[in-house]
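The block underneath contains the structure these notes are about, expressed in structure tokens.
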Amino acid sequence: MFKLSKESEDFVKKELSRYEAKYSAIIPSLFRVQKDHGWVPPEAVSVLAKLMEIPEAHINEVLYFYTMFNKRPVGKIHAQVCCNISCAMNGGRELADALCKSFNVQDGVMSADGKITVSRVECLGSCDTAPMMQVNDRYIENLTPELAVRKLKEMGA
Amino acid sequence: MPKIKINGNEVEVPQGSTIIQAFKATGVEICHYCWHPGLSVAGVCRLCMVQIEGMPKLQIACNTEVKEGMVINNTSDVVKETVRWGLDFHLINHPLDCPICDQAGECGLQDQYMKFGQYDPEMAENKVKKHKVVDLGPTVVLDSERCILCSRCVRFTDEVSKTNELGIFNRGDRCEIGTVAGKPLANNYSLNTVDICPVGALTSKDFRFRQRVWYLKEADSICPGCSTGCNVKVNYNEEGLWRIRPRENKEVNGHWMCDVGRDSYKFVNLKNRLVAGKVGQRGSWQEVTATDAARSAGLKLRETVAQHGPDSVALVVTGQYTNEEYHRLFTFFTVNLESNNIFHWMNNPETTKDFDGLLFRGDRNPNTKGVVDALGSFALKAKWEDLQSQLSSRKIKVVVVAGPENQAVFPDMTEKITFFAQAESMIWLTAGQSEALNQTGAETWQIPLKTYIEKSGSFTNVQGKVQTFKVGTTIVAQAFTLSEVVELFSGQELNWNLRPHSLGGVKTNYSIANRGAL
Ligand code: SF4
Ligand code: SF4
Ligand code: FES
Ligand code: FES
């Protein structure tokens, strides 16, 4: 059973009072859950829906729109490879495929040892340094497959 | 009221109208998907483009208010070109499977393409694959590939049914309609989403693959499902009725109707109907024509009154007949037979006052108000207890029952039939077949009646609004209205030359019947 910690519950309540429309509090609340748990389990959506008095469907709409929210558990190292326009044109998709292959994982699925997840994501706002990826909280830019693999290995993948 | 010009014609529209409302009010055609008069404005399909003099760019008509002196058109080349491209974009990932799509023939995409599109498609991209045949709930099936993401269904569950089941999930060309974690779309208004879905994305489990819509005819009617009296249109062909959909009436049902009401075509069809007269008892019936049954029943009625006086007969009515029929029947009883023994059979007194806040009411009769008013205007005050005592004391020899045509909403059918059968004879007027009649010992006449779709008349709904309706089609040619029965009861004749033909009844086409299953 998913349970929201007391602090997180207070956080959500505070967010709710901050905005004119309570829908605005969905994103910060989902991020909070993700920070606590590493990902956003479906039960969390039900809990938030009750707490925020927003239909589950509308929270899910936000959750599923953004690639930044993890809908499944992710590995210790989460490599989010941008495959949006600028990056795609500079080899982002090939980069994602190469990473999946060298770490023997599928797009968005955590490796069996829980070390790494490689997922394709939408634009991360760093188009000028395409192709790029975000590893946990860090941007790594101007990548080639070799460089990306090396960086990830250095980080312990 | 601002004066504006639409495509060169000056018109006046109410203050605060949007441009699309002005177009609709004046009957000028405009391409659109996402706007619906009963829902909020979403402005997502971008097809209702218009050109407004003085504005550099095209605007969407559904989200732009009219202002005094606006000069608007949707016929210039730039508008036409924009709409054409808009349609082309809507079809980038559309599977174009019209031949196997149940919406074909009444599809927004087909209609708008023929009116505003007619281009050669320029999209050569691979189509995005999505889910087909998604079981959304007990009534609705979703085909995600056909969905154009107009959000009408989502707005419906948010704003009208207020059940919030639906949402649009994922992003960009992978967007899909769905429910949360496979929860069903289950509310008593769910099938309205099928009506407002402009394409074949949402289809009705009850209707899909049963008929091609261009083979169906349409007639206006009133839903007999409850005392709200939603305005509806009925689709039928030579086999019978196939579906009921709502018809707009701002004062009664807006644009909607409930799912329960949509089933009220079923009891009308031939296989549930009494098709001829029956005379007998304890399940041994002699089949006679409806006319003969009515004639001999009338004779019995008149003889009984002559022998034992007017109090030896009684009439029981349900709230399922028209005002005109009540009037005719009550006149016959009170004037010709001089009997005031007229009783109102209430099927569900406990739930009669229930209301779900939207449309559906606990009084599952279309004309309870009508029968109560008619009883009042004839100053009839007989109580149900009187009937009880007079039946058990054998004072009443013949009881005439105008039973329900929608039997499913009378949970007390069997019990009441046994109760009435305490009389020596029972004249049972009904559209449907009733199993319970086979068990009783009273000498019984069964006389087939017409259902709401086969006659003209009026129902008074719970608000006191008298709503008239006309004959749509005829399922059982022999069946009578109550007024016709009264003619025969009193020894008159009906003009048989004027009577219509029966319909053939539903034939099962196995290939499509099986395909319809999920
Ligand atoms: S399912 Fe139909 S009504 Fe709902 S968004 Fe798609 S096209 Fe619109
Ligand atoms: S609310 Fe009543 S009248 Fe309206 S559709 Fe439903 S059953 Fe019929
Ligand atoms: S497209 Fe990759 S960061 Fe913008
Ligand atoms: S009808 Fe105006 S944008 Fe869809």
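Here is the naming used below: chain letters follow the sequence lines, and residue numbers restart at 1 for every chain.
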Donor-acceptor contact below 3.5 Å, side chain E61(A) vs main chain I168(B):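 Flag set: sc E61(A) to bb I168(B) pair under 3.5 Å.
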Does atom [atom1] of [X] have more than 12 heavy-atom neighbours from other groups under 6.0 Å away?
| X | atom1 | answer |
| --- | --- | --- |
| L96(B) | CG | yes |
| K132(B) | NZ | yes |
| D113(A) | CG | yes |
| K71(A) | NZ | yes |

For the student: nearest non-hydrogen atoms of L166(B) and A57(A), plus distance: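 Taking L166(B) first and A57(A) second, the nearest heavy atoms are O-CB, 3.5 Å.
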Contact summary for F65(A) and N170(B), nearest pair of heavy atoms: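 Minimum heavy-atom separation between F65(A) and N170(B): CD1-O, 4.0 Å.
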When rounded to the nearest 0.5 angstrom, what is the spacing between NE2 in H58(A) and CG in D158(B)?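 So the gap between those two atoms works out to 3.0 Å.
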